[in-house]
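If you're wondering where the values come from, they're calculated on a predicted model, not measured in any experiment. In what follows, chains carry the letters A, B, and so on, assigned in the order in which the sequence lines appear, proteins first and then strands, with residues in each chain numbered from 1.
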There are 4 protein chains.
Amino acid sequence: MIITVDPHDPRPIYVQIVDEVRRAIVMGILPPDAPLPSVRQLAVQLRLNPNTISQAYRELERLDLAYVRRGQGTFARSAPPNDAERAALITDVAARALIDAHRNGVTVDELVDAIRRATQPRQDLAS
Amino acid sequence: MIITVDPHDPRPIYVQIVDEVRRAIVMGILPPDAPLPSVRQLAVQLRLNPNTISQAYRELERLDLAYVRRGQGTFARSAPPNDAERAALITDVAARALIDAHRNGVTVDELVDAIRRATQPRQDLAS
Amino acid sequence: MIITVDPHDPRPIYVQIVDEVRRAIVMGILPPDAPLPSVRQLAVQLRLNPNTISQAYRELERLDLAYVRRGQGTFARSAPPNDAERAALITDVAARALIDAHRNGVTVDELVDAIRRATQPRQDLAS
Amino acid sequence: MIITVDPHDPRPIYVQIVDEVRRAIVMGILPPDAPLPSVRQLAVQLRLNPNTISQAYRELERLDLAYVRRGQGTFARSAPPNDAERAALITDVAARALIDAHRNGVTVDELVDAIRRATQPRQDLAS
DNA sequence: GTGGTCTAGACCACG
DNA sequence: GTGGTCTAGACCACT
């Protein structure tokens, strides 16, 4: 289980951790009851204060994505969604993006182009 | 020119104002040199602290979307639709969509597909 | 609005604060949208670290009993329950106490006596 | 003698064990000098770390509810039903009820009334 | 070993 | 002024 944080990311660090772990759980990379890295271990690995990790884990518990067993650690809770749930989720994400685009006067093509550009930043520079 | 803010919106109030005005300018609703509402007038209308409006207008000036004429007020920039500004706006929208997708374990391809599907609901089946 | 904490209480301090504020809100002492004491102010008053107050307020927000307005402060949210809700609440509390008592082999009379004793600790010592 | 623990119970595991055994002893289910299950046996049965059972038994000894005979095991105290212990247990139950009531803005009188009402559902209306 | 609580103190964004 | 985030470091309870 690899978790990374980016200090240049505008999201608070603890939110970045929440998002990373959420993704791992939602996608089934972390199956139910799988142990998350311990607070201290992750703090050392990411060179962060344990409190920051703790805050992230507390948030995950609040989101019902993880649970704590005293003296044992933190564990993943929810099962990955089935195909129908996943399809609905994808549609939701797309819908939110479209609303955001529309609100800002951005066309669909511009949005898709920008997404492509952001995720395939470098083409072949050679030749 | 109608500006609204939503206290439930997670964006800071002043950012909401910036976004509203930016959109109006970028989309041509506010033509070059058109006067923006005065700080005091807008503060009364939105029931906000004038400082908040000021902060938004300062940000608009910083973004080169407006300019101040002492004693006269704030005006939309006369420059041609600011391409750089528009590009930044598009990039922002794309970035938000990508964060949302990543958060939910949705891949870029799935996101783009869903956007396309949502906006081209009907497809010509003929040759 | 008076809030007190007792270091001898086994509950964590932040939980004590949550309980005090919750009670004030639930009982209508703090009407909807009434401002809670600011984090710093309460920290000074209770001689606690602001982080501890913050943790309590975050929990209140999680419980949907308070909300935060950036730069303005924290405010009470829910309205006091009506009579029927209140009666149901009281019945629930009593039911939980009875279950607890039964589980521990404590009779109803013993429970009531102990409650009376705990809340009227000193009778007239004179005469 | 059946002992169960519930991982969802907010009480620490070892406290749950103490409470179960305490109740059995206080209520006379475990007569004086009756042997408690061995640490290892109970650990296997409850799928717990033997250290946890040990901690519970140590607490029981501290509470003067059990005693250890080296090489033989742990036994219920022979003393007459421990009045002091029982009183402490009753006080604990009452204290929990009071915290719960206070948390929910329920007064002591309301709590006692509700308890009485719940346990004396029918009342003689005759003379 | 695990997570939970608390203190002290810093810096930031917001209104 | 407000709350939010983060660091550093301490002590505690639990397994």
| query | Going by an N to O cut-off under 4.0 Å, is there a salt bridge joining E61(D) and R58(D)? | reply | no
| message | Could you check whether R62(C) pairs with E59(C) (Lys NZ or Arg NE/NH1/NH2 to Asp/Glu carboxylate O, under 4.0 Å)? | response | yes
| Under a 3.5 Å cut-off on both pairing distances, which runs of 3 or more consecutive Watson-Crick or G-U pairs involve DNA chain F? | E:1-14 with F:1-14
Contact check, side chains of [X] and [Y], non-hydrogen atoms, under 4.5 Å:
| X | Y | value |
| --- | --- | --- |
| I17(D) | V5(D) | yes |
| I25(B) | V21(B) | yes |
| L60(D) | T74(D) | no |

| task | Kindly state which residues belonging to residues 56-64 of chain C come within less than 4.0 angstrom of DNA chain F, counting heavy atoms of the residue only, listed by number. | result | none
| task | Mind checking salt bridge (Lys or Arg N to Asp or Glu O under 4.0 Å) for R103(B) and listing every partner two or more places apart, or none if nothing turns up? | result | D19(A)
| said: Quick check against the 3.5 Å criterion: does N104(C) have a side-chain atom that pairs as donor or acceptor with the backbone of V106(C)? | reply: no
| message | Applying side-chain hydrogen bond (donor to acceptor under 3.5 Å, both in side chains) as the test, list every pair that has at least one member in residues 88-98 of chain B; sequence neighbours left out. | response | D100(A)-R96(B)
| Pairs satisfying side-chain hydrogen bond (donor to acceptor under 3.5 Å, both in side chains), at least one member in residues 25-49 of chain C, at least two apart | D33(C)-Y67(C)
| remark: Note: A76(B) and L36(B) closest approach over all heavy atoms is N-CD1, 3.7 Å
| note | Expected string for nucleotides 6-15 of chain E under the B/S/- scheme (protein heavy atoms, under 4.0 Å, primed atoms plus P, OP1, OP2 as sugar-phosphate) is BBBB----BS
| Between I53(D) (CD1) and dT15(F) (P), how many Å, whole number? | 10 Å
| According to a strict under-4.0 Å criterion, is S54(A) in side-chain N/O contact with OP1 or OP2 of dG3(E)? | no
